[in-house]
Participant: 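I'd like to ask you about the structure that follows.
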2 protein chains.
Amino acid sequence: MSRYADAARDGDGRVHHTLAETESAVAERLDGMSVDVESMAAVQNIYRAANTIRNHLEQTVLAPHDLTWTGWVVLWVVWIWGDIETRHVAEEAGISKGTLTGVIGTLEKRGLLLRRTHPDDARRVLVALTPKGRKLMNTLFPIFNAAEARVTASLSTTDKTHLATSLRAVVAEVDEF
Amino acid sequence: MSRYADAARDGDGRVHHTLAETESAVAERLDGMSVDVESMAAVQNIYRAANTIRNHLEQTVLAPHDLTWTGWVVLWVVWIWGDIETRHVAEEAGISKGTLTGVIGTLEKRGLLLRRTHPDDARRVLVALTPKGRKLMNTLFPIFNAAEARVTASLSTTDKTHLATSLRAVVAEVDEF
DNA sequence: ACAGTTTCGTTCGGATCCGAACGATTTATG
DNA sequence: CATAAATCGTTCGGATCCGAACGAAACTGT
């Protein structure tokens, strides 16, 4: 991750502490406390992996096309669903509607998508890709998908499927509220 | 996720499209393209799960104590490692050093940690928790860990371990650059 | 009909977030 | 020993990010 290109490294060039070092430090600090180690490790690794992947894909795939991660996700959602209401875009993209207003503004300024008022409900706003936006997605998606394959290359197809299944279960669990 | 409390829901109260609906829409849009579906699903679910967990824990655990997710992570790193240089905090927390300057400023203003110049190198800055910060972590960590257990409750211990292992492999793969 | 409620997208304040540029300091080199 | 190169934390501009508050529009019940 070149984001940390100027970060200090240990003598042997490592960026992070090793797993053993970290777990040892954690165990020392948590000594005597009742800790669910497996749940902690699961949650921490989900977040770290998500961050690592996001930063990597932003750099290698998105930045050359002047796209942020969120901009890409919004573009993706609109590409897949086409002519979608903004509140649904926010749900699918996983961002608040307040944030979406700004992101759509940015993408609209670049001519990648368009806003228009819903014909049956003047409160709602429909979003759709412009031809320029569609062309960008047709170009960029294969590149993005290839990068997705690269970052998960160390997992077998079965591993990836199991991974996705477990993560869906977590999301479903949290949504139970 | 009360973050979407005012989001539109379908007739049966669902927030998201179902998996089948989404996959059908994706398949239609991607028809004729060569797509690595498993890699795509893996990456998408990693990111969605991370976001879902973050938002949930921010709300239920962190917000009552006026902490952001990033603030919590930084506090955690300093708690575990104690008397650590800021550049290492940035690495462990997964944020840029520029961001860390602001976050540490916020936490320092609240009296949760302290900055001091490294005795052997005036460029470096050491960070450590204040007694108030340590007290907060002692109170908050058990609550946070219990919430981690809840969000992963649908997974067995073995599932969680396999999940963490797969995610570590992804991170290691990306770090190969 | 029509006042009260709900549901839209937008706006706002404040906190992150990044990369690039910057001064200050330390290390490397001739 | 003095100059160059590398490394540190900070600052800056611009884009997200959220929750709360807002006005507009649509719905609700009477």
Side-chain angles (χ1 to χ4, degrees), chain A residues 1-10 50-51 54-59 62-64 66-75 84-91 93-110 115-127, chain B residues 1-10 50-51 54-59 62-64 66-75 84-91 93-110 115-127:
Chain A
M1 302 191 284
S2 77
R3 171 179 167 191
Y4 303 133
D6 61 347
R9 282 168 166 77
D10 294 339
N51 245 340
R54 172 177 171 156
N55 292 332
H56 178 70
L57 296 185
E58 274 186 338
Q59 277 201 332
L62 268 25
D66 265 312
L67 276 180
T68 62
W69 177 270
T70 303
W72 163 260
V73 171
V74 168
L75 239 33
I84 182 176
E85 300 178 18
T86 55
R87 66 210 163 99
H88 292 141
V89 177
E91 297 157 27
I95 59 179
S96 72
K97 56 186 189 173
T99 299
L100 183 63
T101 297
V103 175
I104 287 187
T106 300
L107 295 173
E108 197 175 22
K109 238 182 296 180
R110 292 188 47 191
R115 256 188 269 239
R116 64 188 170 87
T117 303
H118 193 290
D120 299 337
D121 188 339
R123 294 171 304 178
R124 308 184 190 184
V125 172
L126 288 172
V127 183
Chain B
M1 301 190 287
S2 76
R3 172 176 166 193
Y4 304 132
D6 61 348
R9 283 167 165 77
D10 296 339
N51 245 341
R54 171 176 171 156
N55 291 332
H56 178 69
L57 296 184
E58 273 185 338
Q59 277 201 329
L62 268 25
D66 266 312
L67 276 180
T68 62
W69 177 270
T70 303
W72 162 261
V73 171
V74 168
L75 239 33
I84 181 177
E85 299 178 19
T86 55
R87 68 211 162 99
H88 291 141
V89 176
E91 297 157 26
I95 59 179
S96 72
K97 56 185 190 174
T99 299
L100 183 62
T101 297
V103 175
I104 287 188
T106 300
L107 296 173
E108 195 175 23
K109 239 184 296 182
R110 292 187 49 193
R115 256 188 269 238
R116 66 187 170 88
T117 303
H118 193 291
D120 298 337
D121 188 339
R123 293 171 304 178
R124 308 184 190 184
V125 172
L126 289 172
V127 182

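All values derive from a computational prediction rather than experimental measurement. Proteins come first, then strands; the chains are lettered A, B, ... in the order of their sequence lines, and each starts at number 1.
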Participant: What pairs with A/R110 under side chain to side chain donor-acceptor pair (under 3.5 Å), at least two apart in sequence or on another chain?
Facilitator: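 Expected list: none.
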Participant: Strictly below 4.0 Å, N to O, side chains only: are A/E58 and A/R54 in salt-bridge contact?
Facilitator: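 Salt bridge flag = yes for A/R54 with A/E58.
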Participant: In B/S/- notation, 5' to 3', how is nucleotides 23-29 of chain C contacted by protein heavy atoms closer than 4.0 Å?
Facilitator: --BS---
Participant: Grab the CG-P distance between B/N51 and C/dC17 for me, whole Å please.
Facilitator: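 Going from CG in B/N51 over to P in C/dC17 covers 12 Å.
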Participant: Just to be sure I understand the rule, does A/T99 reach a base, reach only the sugar-phosphate, or reach nothing, if contact means heavy atoms closer than 4.0 Å?
Facilitator: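 Contact class for A/T99: base.
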Participant: Measure from the side chain of A/T106, starting at C-beta and using heavy atoms only, and say which of D/dG9, C/dC17, D/dT16 lies closest.
Facilitator: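 My answer, after comparing the listed nucleotides, is D/dT16.
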Participant: Of the candidate nucleotides C/dC8, D/dT16, D/dT10, which contains the atom at the shortest distance from the side chain of B/T101?
Facilitator: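 In terms of side-chain proximity for B/T101, the closest of C/dC8, D/dT16, D/dT10 is D/dT10.
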Participant: Whether A/R115 contacts C/dT10 is assessed here as follows: a side-chain N or O lying under 4.0 Å from the phosphate OP1 or OP2. Is that the case?
Facilitator: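 Indeed, a polar side-chain atom of A/R115 lies that close.
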Participant: Taking the minimum atom-to-atom distance to the side chain of B/R54, which one of D/dC17, C/dC17, C/dT10 wins?
Facilitator: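 Among D/dC17, C/dC17, C/dT10, the one nearest the side chain of B/R54 is C/dC17.
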Participant: Looking at every strand, decide which applies to A/T70 at a 4.0 Å heavy-atom threshold: base, sugar-phosphate, or nothing.
Facilitator: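 Sugar-phosphate contact only.
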Participant: Select base, sugar-phosphate, or nothing to describe what B/T68 touches, counting heavy atoms under 4.0 Å on all strands.
Facilitator: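 If one applies the 4.0 Å heavy-atom cut-off, B/T68 turns out to touch the sugar-phosphate alone, with no base involved.
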Participant: Using the side-chain heavy atoms of B/E85, tell me which of these nucleotides is nearest: C/dC17, D/dT16, D/dG9.
Facilitator: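 My answer, after comparing the listed nucleotides, is D/dG9.
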